[in-house]
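Note that these values count all heavy atoms, side chains included, but never hydrogens, waters or copies made by symmetry. Sequence lines set the chain letters: A, B, ... in the order given, protein chains first and strands last, and positions in each chain run from 1.
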Amino acid sequence: MTEVSSLDSILAGTVTCHTQEDLARKLKEGRPLRVKLGVDPSSPDLHVGHSVQLRYLRRLQDLGHLAVLIVGDATAMVGDPTGKNATRPQLTRDEVDAHAETYLAQAGLILDMKQVEVVRNSSWFDHMGFMDAVRLCGSMTVARMLERDTFSERHKAGVPISMHEFLYPLMQARDSVEVRADIEIGGTDQTFNLLVGRELMRDAEQAPQVCITLPLLPGLDGVQKMSKSLGNAIGLTDPPRDLFGKAMSVPDALMPDYFRLATDLSEEEILKWLEGSPREAKGALALALTRLYHGEAAAKSASEEFDRIFRDKGLPDEIEESSLPPEMLVDGQGVWLVKALQRVGLVSSASEARRLIKGGGVRVDDQRVSDEQQHLAGGGTYVIQVGKRKFHRVVVP
RNA sequence: GGGGGAAUGCCCGAGUGGUUAAUGGGGACGGGCUGUAAACCCGUUGGCUUUGCCUACGUAGGUUCGAAUCCUACUUCCCCCA
């Protein structure tokens, strides 16, 4: 690799880099750089927001560098306070273990797993004593912690901040020392945490890591950053149908971000789509995104199915089917629709089913139901539908 | 350690003894319009065997014909002082 082209290609698509001088110096050494990305196994699935960072990391791998993935199983038990207005629930070791496993499998969808070093940060934190932690705290001042908007806002608003939350940036920084990171990447909201790493590395007489921040992808609500807990995320392992459908519901204004950050379309293609009909562009976006994780064929059929269900108001390819047990039959009337809806999980309570029927949101074999007392006659098979996209086929004994 | 304040439905937040699952907003869901976008309009938003019943206003008791509202204890949080 030539150092000049590498510098440019490393900086492409990034938001900030602290510092370019350090990066240039490291590149000059001509060795593969250790690029650290910490993942917080606080939920079992990766989403398209994570893919921005993973895809960037993959690019660096392709340039010959090594990805160092830190599974933050120790830090997950603390919880990153970034962007949170409340203390996070602490996870148990078992939960974290389970999440770490699925994370790695999912990261493999994007990264070249042959060029990855995976470490759990519990492997050093578990062995640190209390006095080590005290020493770690000594490298940070309260004033600097309180400077952080996330803390100062909470503090001003009277929202409690637990002591251990101050530990998070220090732990993340400590990880950098342990793995001797050359570069650490993260979303722009991670700037502070990344920079603390530089300080701890200097204290440990290591060359400070280069901190690279990447754009954050807004979630489907178009407001907050994509996050599973906010319910605005597109999961990497979502089935093609869901992935495609969620992509279609991205607000128009966010299409450029999604195109550029989450798909592999070229800038020319993207501009071409953005200049045309928004509906067409959205379809191209959804197709490109789905293709990335499920392949061409699955993406195509998801696209066709989407048109069929929502444009032509048809039925999906596959509809989940269940048979109702005979004890649900009410003498001579069949099965009460409300109970059937509840039974197959289309609604969570009978009251909800009644409400939906009242509101005109329930269909049986494409006929809107208006009578709460509607029963499904015995010996038949029916497609029941709630809203526009929930279908279930029930077999009534 | 001392003093003051607060805890209400998914979230924020009214309500301070007597029609009421509890004003309003946000979110979510359903309907209309549509491109499962945005905007807009309407409806719903504790549960059930639903013209009625049950459970709910931090927890546990108490006063009362009657409490989210009053009293006691407990728990948690916030603020001020030290």
Base B:rG27 paired with A:Asp221 side chain (donor-acceptor, <3.5 Å): no

Touch class at under 4.0 angstrom, heavy-atom based, for A:Ser349 against every strand present: sugar-phosphate

Please determine whether a side-chain nitrogen or oxygen atom of A:Ser249 lies at a distance below 4.0 Å from atom OP1 or OP2 of B:rA37. no

Using a strict cut-off of less than 4.0 Å between a Lys/Arg side-chain nitrogen and an Asp/Glu carboxylate oxygen, indicate whether A:Arg120 and A:Asp126 qualify as a salt bridge. no

Spacing between A:Arg389 atom CZ and B:rA37 atom P, to the nearest angstrom: 10 Å

Using the C1' atoms only, state how far B:rC54 lies from B:rG3, rounded to an integer number of Å. 43 Å

Rounding to an integer number of angstrom, what distance separates B:rA39 and B:rG24 when you compare their P atoms? 22 Å

To the side chain of A:Lys388, which of B:rU34, B:rU50, B:rG47 is closest? B:rU34

Where the side chain of A:Lys339 is concerned, which of B:rC48, B:rG35, B:rC29 is the nearest nucleotide? B:rC48

Pairwise P distance, B:rG66 and B:rU20 [rounded to whole Å]: 15 Å

Spacing of A:Met171 atom CE and A:Ile70 atom CD1 [to the nearest 0.5 Å]: 11.5 Å

What's the separation between atom NE2 in A:His392 and atom OG in A:Ser322, rounded to the nearest 0.5 Å? 2.5 Å

If I take atom CD in residue A:Gln342 and atom P in nucleotide B:rG47, what distance separates them, rounded to the nearest angstrom? 10 Å

Along RNA chain B (nearest heavy atom to each residue), the more 5'-positioned of A:Met248 and A:Gly361: A:Gly361

Could you work out the separation of B:rC29 and B:rA73 based on their P atoms and round it to a whole Å? 46 Å

Less than 4.0 angstrom between a side-chain N/O of A:Arg355 and OP1 or OP2 of B:rC48, yes or no? no

Nearest-Å distance, CD (A:Glu280) to P (B:rG35)? 12 Å

Working to the nearest 0.5 angstrom, can you tell me the gap between A:Glu178 CD and A:Met201 CE? 10.5 Å

Using a cut-off of 4.0 Å on non-hydrogen atoms, how would the nucleic acid contact of A:Pro278 be classed: base, sugar-phosphate, or nothing? base

Taking a pair as Watson-Crick (N1 to N3 plus N6-O4 or O6-N4) or G-U wobble (N1-O2 and O6-N3), both under 3.5 Å, which stems of 3 or more consecutive pairs involve RNA chain B? B:1-7 with B:75-81, B:10-12 with B:24-26, B:27-32 with B:40-45, B:46-48 with B:52-54, B:58-62 with B:70-74

Rounded to whole Å, the CZ-C1' distance (A:Arg363 to B:rG31) equals 10 Å

In this structure, CD of A:Glu352 is separated from CD1 of A:Ile357 (nearest 0.5 Å) by 11.0 Å

For nucleotides B:rU51 and B:rU59, find the distance between their C1' atoms and express it as a whole number of Å. 37 Å

Determine whether A:Thr16 and A:Thr213 satisfy the following criterion, side chain to side chain donor-acceptor pair (under 3.5 Å), listing intermediate values before the conclusion. CA-CA 5 Å; A:Thr16 59; A:Thr213 60; 2.4 Å; yes

In whole Å, what separates the P atom of B:rG15 from that of B:rU23? 13 Å

Of the options A:Arg25, A:Arg34, A:Lys26, which is the one that meets A:Asp182 in a salt bridge (Lys or Arg N to Asp or Glu O under 4.0 Å)? A:Lys26

When you look at CZ of A:Arg202, are more than 12 heavy atoms from neighbouring residues, nucleotides or ligands closer to it than 6.0 Å? yes

Quickly work out the A:Lys282 NZ to B:rU34 C1' distance and round it to whole Å. 12 Å

Separation of B:rU49 atom C1' from A:Glu327 atom CD, nearest Å, is 17 Å

What integer distance in Å separates A:Ile384:CD1 from B:rG30:C1'? 16 Å

Rounding to an integer number of angstrom, what distance separates B:rC77 and B:rG58 when you compare their C1' atoms? 11 Å

Check this one for me: any side-chain N or O of A:Arg354 less than 4.0 Å away from OP1 or OP2 of B:rG46? no

Would you classify A:Val362 as touching base, sugar-phosphate or nothing, given that sugar-phosphate means primed atoms plus P, OP1 and OP2, and contacts are heavy atoms under 4.0 Å? nothing

B:rC79 to B:rG13 separation - P atoms, rounded to the nearest Å: 15 Å

For a 4.5 angstrom cut-off between non-hydrogen side-chain atoms, does A:Gln374 reach A:Val338? no

How is A:Gly245 classified with respect to the nucleic acid when contacts are heavy atoms under 4.0 Å: base, sugar-phosphate, or nothing? base

Atom CG of A:Leu230 to atom P of B:rG26: distance rounded to whole Å? 19 Å

